[in-house]
Amino acid sequence: MLIQKPKGTYDILPEKAFQRTFLENKIRKIFYDFNYSEIRTPTFEKTSLFKRGIGEETDIVSKEMYTFNENEFTLKPEMTAPVVRAYLENSLYNESPLQKLFYITNMFRRERPQAGRFREFSQFGAEAIGSSDYLSDVEMILLADSILKNFGIKDVAIKINTIGTIAERNIYLEEFRKYLSGHLPELSPDSQRRFEKNPLRILDTKSEKDLQILAEAPVLYEYLNESTKENFEKILSALRSLNLNFITDYKLVRGFDYYTSTTFEFISDSLGAQNSLFGGGRYDLLIDQLGGKPTPAIGFAAGIERLMMILENGNFEFPSEKKLKLFIVTMNEESKNLALRLISDLRNKNLRCEMDFLNRSLKSQMKEANRQNAEYVIVIGEEEIRTNKAKLKKMSDGSELEISDISDLNSEILN
RNA sequence: GCGGGUAUAGCUCAGUAGGUAGAGCGUCAGAUUGUGGUUCUGAAUGUCACGGGUUCGAUCCCCGUUACUCGCCCCA
C-alpha cells in the first residue's frame, strides 16, 4: 500500500454507493414534492465569496478552507453563499420573486475528522429566497421534518430560536458583555476566548460553571422588539397546529455571521459528539451583503453522512442492488459466443444479465449465479447448441422450464 | 491547533510470562468428469504499521514517527 486516501475522506464502495444513491433520490423526490428545484454550482468559488458570506472571523473561513491558486479560489465549505451568488449572477429574482432551490453536493472543510465529521462530506439543503413571511420559515422546518419522517426517523429533537435583527442583537450584546465582564475569570477558557471573538456563542457552552453564570445573565429574547417576538410566536403556533414537536431554545445560536432572526437545529442522540443533523435559519442580510437588493431568505443544510449514520444505527432497510435477472452458464467457446449475443439482447431490453468471463467450471458458475442473486439461470452447452433448446432454471425454487428456442428468451423471462 | 485510545490475514479479532503466528467469516478449488444455496475436505494470503533501542534473539519490552479512531474547538 503505497498511497492512501487523504485524511478525512472516505471511499464509497459499491454496496454503500447504491444506498447513497437511493437515499439521495428519496430526498430529491421530497424536495420536488415541496416544489423546490435543484441547483448545482461549481466545486470551487472565489475565496472572497466565502469571506463575505460566512464571515471572516468564523473558524471555517479563518482556518478551515481549502484555498489554492494563491488564495484566489476555495473548495466550497458550504452552499448558501454559492447559491446566493448564482441567484444574483443569473438574475433569478427576475424569473420569480420567490426562488425555492435545493442542492445535494459534497463540500470541504479542513477540520480534525471524528465521528460524523469529515474533510470532504456531503450535505443536502434548501434555500427559499424572496419571502419574509413567517410561513416561509414554517415551510422550511416542515420540509426538514418531512425528510426525517420519510426515513422513519423519530428520535430527533427540533430546537428553534430567534436571534432577532442586528440592531436588537447589538443592544443585547452590550448588556450581555457588561454582565459577563463581572464574571470573566470564572468562565471556562473557551468562553473567555469567545468573549472577545463571538460572545453570543458563549450561550452554547457545555461547561457546568458557565451554565450557572449564564442562568443569571440577561436573555436575548427579552431584548427583541414586539414585532420580532410576534413573528416568532406566529411561527411557533403554526408549527403547533401542525402537530410538530419542537422545543424553543433561547440559547440556540449558530456559527455563521449571516444568520438573522429564526434559527433552528435538529439534534440526534445517536450521532456521538457531532449531534446536529439539520441546521438552518433566516439570513435576511446575506443577499444585500453579496451585492443584491435586500432580499429575505431562509434555508437549512443537513449532513448526509450523519443521516446515513442514523439510518444504519436504526437498522433502516435499504433495498439491495443485487437482482440479476439471468445468468447464462457456458461450457465452451461456442456457447460463450452465443451467450454474449443473448445477454446483449436482454441488456438492450433493460434486463440485468451476466455470464462467465473467467472460464470457470459449471459448478463455480452456478455458485456465482447464486451469489449474485440471479433470478434465472440457463446452462448452454453442446447439447443446447445442437438442439437450440434449453432449460430455464428458476433459482428461488429450482424449478425448470423448457425453452423451445434459445434465441427467443425474452418473452419467457419477462413474465 | 489541543487531549485520550488503537495498530496482527480481505473483514472481525485471538496470541506469544521475548524463540518470526492462529480462529471465525470471506475468497478459491474439490467431494467419481453437465446444475447453486446446506454439509464435508483442502488451499492461498501476513515484511505482526514504520524507524530506532534493549537482548543471543523483539510481533511482544522501551523511545520516536505515521496512520486510524474518539473527544475538545467548530459545525452538517
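Each chain gets a letter, A, B and so on, in the order the sequences are listed, and its residues count up from 1.
B/rU45 sits 31 Å from B/rU32 when the C1' atoms are compared, rounded to a whole Å. Taking atom P in both B/rA21 and B/rC60, the straight-line distance is 14 Å, to the nearest Å. Nucleotides B/rG34 and B/rU39 are separated by 23 Å at their P atoms, to the nearest Å. A distance of about 11 Å separates the P atoms of B/rU41 and B/rC25, rounded to the whole Å. B/rU59 sits 8 Å from B/rU20 when the C1' atoms are compared, rounded to a whole Å. Rounded to the nearest Å, the gap between the P atom of B/rC13 and that of B/rG18 is 25 Å. Rounded to a whole angstrom, the distance from the C1' atom of B/rG10 to that of B/rG46 is 11 Å. Between B/rU8 and B/rA14, the two C1' atoms lie 9 Å apart (nearest whole Å).
Checked against salt bridge (charged side-chain N to carboxylate O under 4.0 Å, His left out), A/K209 has no partners two or more places apart in sequence or in another chain. Under the rule for a side chain to side chain donor-acceptor pair (under 3.5 Å), A/E382 has no partner lying at least two apart in sequence or in another chain. In this structure A/D137 satisfies the salt bridge (charged side-chain N to carboxylate O under 4.0 Å, His left out) test together with A/R282, sequence neighbours excluded. Evaluation of the side chain to side chain donor-acceptor pair (under 3.5 Å) rule for A/S136 yields no partner, not counting sequence neighbours. By the salt bridge (charged side-chain N to carboxylate O under 4.0 Å, His left out) test, A/R193 pairs with A/D190, sequence neighbours left out. Applying the salt bridge (charged side-chain N to carboxylate O under 4.0 Å, His left out) criterion to A/K149, with sequence neighbours excluded, gives A/D145.
When distances run from any side-chain atom of A/R306 to the nucleotides B/rG34, B/rC75, B/rC73, the shortest one goes to B/rC75. Residue A/I60 places its side chain closer to B/rC75 than to any other of B/rC73, B/rC75, B/rG34.
The stretch residues 295-310 of chain A participates, sequence neighbours left out, in these side chain to side chain donor-acceptor pair (under 3.5 Å) pairs: A/Y10-A/E305. For residues 353-362 of chain A, every residue pair satisfying the salt bridge (Lys or Arg N to Asp or Glu O under 4.0 Å) rule, not counting sequence neighbours, is listed here: A/K336-A/D356, A/R347-A/E354, A/R360-A/E368.
As judged by a 4.0 angstrom heavy-atom cut-off over every strand, A/N370 is placed among the base-contacting residues. A/S62 comes within 4.0 angstrom of no nucleic acid atom, judged by non-hydrogen atoms across all strands. Among the protein residues, A/Q365 comes within range of no part of the nucleic acid, since none of its heavy atoms lies under 4.0 Å from any strand. Using a 4.0 Å heavy-atom distance criterion, A/Q372 is classed as making no nucleic acid contact. Within the nucleic acid shown, A/E265 has no heavy atom closer than 4.0 Å to any nucleic acid atom.
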Worksheet item: How does each nucleotide of nucleotides 25-32 of chain B score, in 5' to 3' order, for protein heavy atoms under 4.0 Å: base (B), sugar-phosphate only (S), or none (-)?
Response: --SSSS--
Nucleotides 64-70 of chain B: which of its N/O atoms have a protein N/O under 3.5 Å away?
residue, atom, partner, partner atom, Å
B/rC68, OP2, A/K7, NZ, 3.0
B/rC70, OP2, A/A115, N, 3.1

When you compare the protein's N or O atoms with those of nucleotides 39-49 of chain B, which come within less than 3.5 Å of each other, and at what distance?
none

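Aromatic stacking is not marked for A/F278 over B/rA76, as the cut-offs of 5.5 Å for the centres and 30° for the planes do not both hold.
Nearest heavy atoms, A/I39 versus A/A86: CD1-CB, 4.0 Å.
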Worksheet item: Which dot-bracket string fits RNA chain B when only Watson-Crick or G-U wobble pairs with both atom distances under 3.5 Å count, crossing pairs get [ ], and | stands for a partner on a different strand?
Response: (((((((..((((.....[..)))).(((((.......))))).....(((((..]....))))))))))))....
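In this structure, CZ on A/R201 lies 10.5 Å from OG1 on A/T58, to the nearest 0.5 angstrom.
In summary, the aromatic rings of A/Y250 and A/Y221 are positioned with their centroids under 6.0 Å apart. Ring-centre distance between A/F278 and A/F264: not below the 6.0 Å cut-off.
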Discussion item. Please determine whether side-chain contact (heavy atoms from CB on, under 4.5 Å) holds for the pair A/F44 and A/N69, giving the CA-CA distance in whole Å, both sets of side-chain angles, and the decisive distance to 0.1 Å.
Written reply: CA-CA 11 Å; A/F44 60 95; A/N69 202 36; over 6 Å; no
